[in-house]
Amino acid sequence: MRPRPVRTAGSLLAGAVLTASATIGAVPAHAAAPSATAAAAPKHCVSKADPKQAQRISDAIRSALSGRSGTESVAVLDRKRGISCSVGGTRQYDSASVVKATILAATLRRAIEKGRGLTSNEKSLAHKMITRSDNGAASSLWRSLGRTRMQKFLNMAGMKSTKLGPDGYWGLTQITAGDQIKLLSLLTKGNKVLTDRARNYQLTLMNSVVSSQRWGTPAGRPTGVKWHVKNGWLPRHGKHWRVHSIGAFTGRGEDYMIVVLTRDTPSMGYAVTTIERVASAVHRNLNPGLRSQSFQSTPNPTWETSDGSVPPNV
């Protein structure tokens, strides 16, 4: 369906996401060792507690992106191990349907401020918007919130690099990997923006998406670790795909988040493969020795078709 026009928790992640100025894929896996005068490969992951593991994950992400077409940004935050990673964390992308997670969080915040739970209509719209990525439901909630309230939520969440879509087109909201990590962090740890009940409600929906939309960051996760995901897939002007996946992973003592944003890939399927290469590398290196789920999703009939977050002529 065509979408119709219509501070802060930032301290939770202060310093957690680094900005990388180089594109990771520019370093081929087979590159020779740098000379003494050559610049060292960028350190995309850091950890005071375990710098060696952070370096292994950084190398694994670099390898996963090596030689891939298009542009990618990656952000990872693991609270348990004290590891954070960023590749192009401040680079902006058309959000496509990923912004629906932000729309729901803002809807929950509005209900909190009004001292109530979600209405039955809001619950119905939220369920359709997250589990099936329904565009009509997203447009209804976007219009009911309005730009002022949406911006207020972004300010409270510390999502300073996120810019709301022009002319009411929520699918053209500009997002960054760093800001998406801030959103996932709000959803996975107690804070003053969202109550525990609100957070758990949204995570439950993100763990209930239809099977055809469970690709992306959950790929390669360890068996028994619970996933929570929201994806977006949008071709602009018939090509130039924007394909994104944000995921939070809990259970078995785990508490980490992965965001992969892509643009200008030759197809949706190609971008999904890129995202899942990165996600699998992160899952594997955070959980060595644990059995992983198969990391590559099987293409389904919905692939290569826009998520409808932006009309094709816009």
Side-chain angles (χ1 to χ4, degrees), residues 1-6 9 73 75 89-110 122 125-187 193-194 198 202-203 205-206 209 213 216-217 228-236 241-248 257-263 268 271 275 306-311 314:
M1 296 178 64
R2 289 170 61 108
R4 291 172 285 179
V6 244
S73 289
T90 59
R91 186 181 296 124
Q92 290 187 322
Y93 295 76
D94 297 331
S95 67
S97 286
V98 163
V99 75
K100 292 169 182 173
T102 303
I103 294 173
L104 176 53
T107 301
L108 290 165
R109 177 61 198 177
R110 175 176 62 181
E122 287 171 336
L125 293 172
H127 187 273
K128 290 186 289 187
M129 178 176 69
I130 298 299
T131 65
R132 304 206 307 267
S133 205
D134 185 275
N135 294 322
S139 293
S140 293
L141 290 173
W142 175 275
R143 287 195 307 273
S144 71
L145 288 164
R147 296 180 66 86
T148 299
R149 191 173 289 277
M150 282 293 302
Q151 187 60 54
K152 180 181 179 181
F153 173 78
L154 295 178
N155 294 342
M156 295 184 73
M159 298 168 68
K160 298 179 181 180
S161 297
T162 300
K163 307 300 179 185
L164 297 175
D167 302 320
Y169 292 112
W170 44 264
L172 291 181
T173 295
Q174 298 298 292
I175 62 172
T176 67
D179 273 6
Q180 290 300 296
I181 284 287
K182 290 179 180 180
L183 175 64
L184 292 175
S185 184
L186 280 178
L187 296 174
V193 180
L194 297 174
Q202 179 153 348
L203 288 173
L205 292 185
M206 292 174 67
V209 299
Q213 296 178 22
T217 49
H228 312 83
V229 70
K230 187 69 194 83
N231 296 328
W233 56 104
L234 171 69
R236 295 303 309 280
W241 280 88
R242 286 88 167 101
V243 184
H244 317 311
S245 183
I246 66 172
M257 295 144 267
I258 303 172
V259 171
V260 187
L261 311 180
T262 74
R263 69 169 177 242
M268 176 183 170
I275 293 169
S306 172
D307 64 10
S309 55
V310 179
V314 173

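Here, residue 1 is the first one in the sequence, and each next residue gets the next number. It should be emphasised that the depicted structure is a prediction, and the values quoted were computed from it without experimental measurement.
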Exercise: identify the closest heavy-atom pair between R147 and G168: NH1-N, 4.4 Å

Over-ring placement of R242 relative to Y93, 6.0 Å and 45° cut-offs: no

Rounded distance (nearest 0.5 Å) linking atom CE of M206 with atom CG of L187: 6.0 Å

Contact check, side chains of Q180 and T102, non-hydrogen atoms, under 4.5 Å: yes

Reported CG-to-CE distance for the pair N135 and M129, which is rounded to 0.5 angstrom: 10.5 Å

Residue pair A138 / W170: nearest heavy atoms and the distance that separates them: CB-CZ2, 3.7 Å

P235 backbone acceptor or donor facing S306 side chain under 3.5 Å: no

Under the side chain to side chain donor-acceptor pair (under 3.5 Å) test, residues paired with K230 that sit two or more places apart: S133

L205 side, atom CG; R132 side, atom CZ - distance, nearest 0.5 Å: 12.0 Å

Donor-acceptor contact below 3.5 Å, side chain R109 vs main chain M156: no

Backbone N/O of T262 and side chain of H244: donor-acceptor pair under 3.5 Å: yes

Test item: T107 side-chain N/O and L145 main-chain N/O as donor-acceptor pair under 3.5 Å: no

Distance-minimising heavy-atom pair for V260 and I275: CG1-CG1, 3.8 Å

Pairs involving residues 149-159, ordered by first then second residue, that meet salt bridge (charged side-chain N to carboxylate O under 4.0 Å, His left out) (sequence neighbours left out): E113-R149, E113-K152

Heavy-atom pair with the smallest gap, counting every atom of V310 and G171: CG2-C, 3.6 Å

Donor-acceptor pair, side chain of K128 and main chain of D134, under 3.5 angstrom: no

Reported OG-to-CH2 distance for the pair S309 and W233, which is rounded to 0.5 angstrom: 8.5 Å

Check: T173 side chain, G165 main-chain N or O, donor-acceptor pair, under 3.5 Å: yes

Step-by-step side-chain contact (heavy atoms from CB on, under 4.5 Å) determination, S144 to E122: CA-CA 10 Å; S144 71; E122 287 171 336; 5.7 Å; no

Check: R91 side chain, A177 main-chain N or O, donor-acceptor pair, under 3.5 Å: no

N/O donor-acceptor pair under 3.5 Å between T176 side chain and D179 backbone: yes

Closest non-hydrogen atom pair between L194 and A105, with its separation: CD2-O, 3.7 Å

Minimum-distance pair of heavy atoms, taken over all atoms of L141 and A126: CD1-N, 4.1 Å

Beyond-backbone contact of F153 with I103, side-chain heavy atoms, under 4.5 angstrom: no

Evaluation steps, side-chain contact (heavy atoms from CB on, under 4.5 Å), between L154 and L164: CA-CA 9 Å; L154 295 178; L164 297 175; 3.8 Å; yes

Distance (rounded to the nearest 0.5 Å) between L261 CG and D94 CG: 11.0 Å

Any residue meeting side chain to side chain donor-acceptor pair (under 3.5 Å) with T217, in chain and number order, not counting sequence neighbours: S245

Atom pair NZ (K100) and CG (L125), whose distance is rounded to the nearest 0.5 Å: 12.0 Å

S185 (side chain) donor-acceptor with I181 (main chain) under 3.5 angstrom: no

Test item: Q174 side-chain N/O and L172 main-chain N/O as donor-acceptor pair under 3.5 Å: yes

